[in-house]
Amino acid sequence: MHEDGNNGTGEDTAPVAPRCVDQEFLALERELTVLLRRARANQGEMAREVHPDLEPAAYGLLIRLDEQGGQRATDLAAYIGVGKATMSRQLRALEDLGLIAREPDPADGRAWLVTLTDEGRGRVGQVREARRARYVSQLAHWDRREVAELARLLHELNGIAEK
């Protein structure tokens with residue numbers, strides 16, 4: 001090694017440490033990690049409340065169908081971020097539980113739409129109402145504007161993540 005600290009190439013090969021650590025983004029990472037861990041646990045709990053045999057990952061599909069109505073399996077797979085095989089397996093399980101049904105797509109007779117059954121809609125509605133009541137109770141000491149701001153910021157964050 002030369003006296004100038006390089007290996008003779010004129011380039012410094014020592015690892016470069018960050019000049020300053022951005023504490024705000026480290027705090028964001030820490031809090032999101034906690035939030036996501038708790039959200040996964042809550043998702044499993046909500047899924048079991050809908051049906052004891054429901055997989056936690058399928059709960060998000062039911063919520064999507066509840067909010068958006070009939071969807072093609074390919075659109076659901078893209079929204080959730082899974083492959084067609086995984087989506088088919090999850091939809092088959094939901095169909096076996098009587099929570100969803102498939103019906104012809106009126107816009108394209110070759111395609112199928114996945115919809116909630118009356119049973120599925122009722123069960124999802126009960127669980128979502130219980131969840132909302134829990135949020136109201138847990139955040140009762142918050143100003144409504146703070147709740148709205150949190151929802152707005154999370155919506156923005158989710159929008160960035162979808163891109």
Taking the side chain as everything from C-beta on, heavy atoms only, tell me whether [X] gets closer than 4.5 Å to [Y].
| X | Y | answer |
| --- | --- | --- |
| L32 | L157 | yes |
| L99 | L54 | yes |
| D22 | L26 | no |
| D96 | D53 | no |
| L91 | L76 | yes |
| D108 | R72 | yes |
| V147 | Y135 | no |

Margin query: More than 12 heavy atoms of other residues, nucleotides or ligands under 6.0 Å from CD of E103: yes or no?
Written below: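 Atom CD in E103 is packed in, count exceeds 12.
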
Check: Has R38 got more than 12 heavy atoms of other residues, nucleotides or ligands less than 6.0 Å from its CZ?
Finding: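 Open.
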
In Å, rounded to the nearest 0.5 Å, how long is the span from [atom1] of [X] to [atom2] of [Y]?
| X | Y | atom1 | atom2 | answer |
| --- | --- | --- | --- | --- |
| Q71 | Y79 | CD | OH | 9.5 Å |
| R121 | T115 | CZ | OG1 | 7.0 Å |
| N42 | R37 | CG | CZ | 12.5 Å |
| L113 | R102 | CG | CZ | 11.0 Å |
| D143 | R145 | CG | CZ | 4.0 Å |
| R30 | Q23 | CZ | CD | 8.0 Å |

For [X] and [Y], work out which heavy atoms get closest and say how close.
| X | Y | answer |
| --- | --- | --- |
| L65 | V114 | CD2-O, 3.2 Å |
| G83 | A77 | O-CB, 4.2 Å |
| A73 | M87 | O-CG, 3.6 Å |

Item checked: Under 3.5 Å donor-acceptor, S88 side chain and K84 backbone ->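 Pair found, side chain donor or acceptor close to backbone of K84.
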
Margin query: Using a 3.5 Å distance criterion without hydrogens, assess whether the side chain of N158 forms a donor-acceptor pair with backbone atoms of L154.
Written below: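 A pair under 3.5 Å: yes.
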
Next item on the list: Answer yes or no: is there an ion pair linking R152 with E149, defined by an N-O contact shorter than 4.0 Å?
Entry: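 Result for this pair is yes, salt bridge flagged.
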
Item checked: Lys/Arg N to Asp/Glu carboxylate O, E95 vs R92, below 4.0 Å ->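 No salt bridge links E95 with R92.
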
Is there a continuous path of hydrophobic side-chain contacts, each under 4.5 Å between heavy atoms, that joins [X] to [Y]?
| X | Y | value |
| --- | --- | --- |
| L61 | V82 | yes |
| L35 | F25 | yes |
| I80 | V50 | yes |

Note to self: E55 and side-chain hydrogen bond (donor to acceptor under 3.5 Å, both in side chains): which single residue from R89, Q43, Q90 fits?
What the structure shows: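 Between E55 and the candidates, side-chain hydrogen bond (donor to acceptor under 3.5 Å, both in side chains) is satisfied uniquely by R89.
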
